[in-house]
Amino acid sequence: MSTKTTSKSKTAAKQTKASPKQESYLEDEDLDLADQVLDDGYMDVMEDKTVVIFAVGGTIAMKARADGSRVPASSGEDLCAAVPGLKDLCNIEVVNFSNVQSSAVTPDMMLELSKKIQKTLERPEVSGVVVTHGTDTLEETAYFLSISLSDKFQQTAFKPIVLTGAMRGADAVGADGPANILASVRIACHDFNDDVARVMVCLNDQIHSAARVEKTHSANCATFQSPGWGPIGYVDEDMVYFRSGILSEDAGLNFPTPRKLTAKVALVKAVSGDKGEMVDYVVKSGYDGVVIEGFGRGNIPFPMMPSVRRAVKAGLTVVIATRTPAGRVLDCYGYPGSVTDTLEAGCIMAGETTAAKARLLLMYILSQKDAQLMKESEPERFRAYLQECFDLVLSRRLFG
Ligand code: ASP
C-alpha cells in the first residue's frame, strides 16, 4: 500500500530572515542580533532533522479533469516538489500511504497509519511526521492518531504529528496545499517542550489540537476551527508560536493499541419527532455500540427512550453526544429524554467530543480484549472507565 523515497537536504546553508535587499538597511549590530536570534532558535538545528511526510490523499493531491471535476493525481513526491524551499528546511522523506479522497479512509486505515507513524517516530533522527490528508474526514484521522499513541511512544521524546490538507486542488489558482505543507513541516521540526498537543492540524497557518478541531465550511480555506476553544497556535512566516497553558490535554490516553478494530459502532443523529427506529435498527444489525448525537446538552426526544433502554439491555454501549459544535453534554435537565434520563438508562456522556470522534473512541476501546472482558464481568466498572475516557480527552491535564 505504501512506497517510500528519501531526499536529503542539499544545502546546509543557514537561512536568514533578511533578504539581501533588506540587509542593506541594517546596521552591523542589527545583523549580529539577527545572527544571535537564529543561533538560539530552532532554525539552526533543523538541518539535522528528518520529517517524514505520509501522503494519504485528498484535494491537496487532486487535479481537475477536462470536465472540471477533481480526482487524485499527485504523489507525495509531487506535493513536496511544489513547495519552494521545503528541502532546505530539513531532510524530507515521503511515504505514499494511499492516494484517496478522505471519504474513502476507514478506521482500519487509520489504525494502519497509526502503527506506521509510531514505528517511524521510533527512529532517532526523525523529529516529526506530517500527514497530507483529505479535509472531509481529516479531524477523524487526527483524533484517531491522538488516541492510539502507544504507551511506548508516550515515553519517547516529544515528536509532533501534524495533519494538513488543502481546500483547493494542486492545479488550482491560489492552491493552498504548498503553503500548508511548508507550515506543517516547520511545526514538525520545531523544538517542543513537553507541553504541547502531540497530534495537531495545521491549515491556513493556524494550529489546532486533534481533540477539538472540526471542518466548519465546505469550501473556505479557513475551514478548520476549534469551536469554543480556538487554535492552539499559529505559524507566522518562518516562526511557530504556541499559546501556553491549554496545550497538552489530548496527548494520548495510554490505551494499548488494539491489533484490529473488531468492534462495530454506529452513529445515529437524533431528529425532532424521533421515535428511536434507527436505534432499534442498529440493535438488530449486531452492533457493539452506538453514539447518539442529541441536541444541546445531549437531550433526545423522549419517544426514543424505549429504544435506548432496549439497546442497553441488548448489551450495546450507548454514548450520548451533542450536535452543537461546542460545549459539553451534561445531566443538567431532569425531563424524559434528558441526559439525566439517558444516564439512568445506562448511557455514557461524550463530554465535548463530537459524535464522529466519539464513535472512533468507542470503537477503539471496544476493540480491546481487556475492555471487552471488563464489560462482561464488571459492567458498572466498565461504564465508569469509559466515562473517564471521554472526560480525559479534554480535561485530564488541563484541570489536573
Ligand atoms: N473531498 C476532499 C477529501 O476529503 C476534500 C479535501 O481534501 O479538501 O478528500
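Numbers for residues simply follow the sequence, beginning at 1. Counting starts at 1 for both ligands and their atoms, following the listed order. Here the structure is a predicted model, which means the values were calculated and not measured.
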How about Y364 and F144: are their ring centres within less than 6.0 Å of each other?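 That pair passes the under 6.0 Å test.
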
Shortest reach to atom 2 (C) of ligand 1 by a heavy atom, considering only T223, L138, T59, T135: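 That would be T59.
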
Residue and atom name of the nearest protein heavy atom (relative to atom 9 (O) of ligand 1), distance in Å to one decimal: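 The protein heavy atom lying closest is S102 N, 2.7 Å.
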
Can you tell me the protein heavy atom closest to atom 1 (N) of ligand 1 and the distance?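 Residue, atom and distance for the closest contact: D136 OD2, 3.1 Å.
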
Are [X] and [Y] packed together at the side-chain level, in the sense that at least one heavy-atom pair is separated by less than 4.5 angstrom?
X: S127; Y: V51; answer: yes
X: S307; Y: E277; answer: no
X: M349; Y: I320; answer: no

Those atoms of ligand 1 less than 4.0 Å from some heavy atom in G58: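 Per the distance check, 7 (O), 9 (O).
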
Only heavy atoms of Q101, strictly under 4.0 Å: list the atoms of ligand 1 that pass.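 Result: 9 (O).
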
Which part of A166 is near ligand 1, with near meaning a heavy atom under 4.0 Å away: side chain, backbone, both or neither? backbone

Under 3.5 Å, N or O to N or O, is S103 touching ligand 1 that way?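 No: no nitrogen or oxygen of S103 is under 3.5 Å from one in ligand 1.
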
Where do T322 and V329 come nearest, in terms of heavy atoms and distance? N-CG2, 3.8 Å

Look up atom CD1 in I117 and atom NZ in K159, then write down how far apart they are to the nearest 0.5 Å.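 Here the rounded value is 13.0 Å.
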
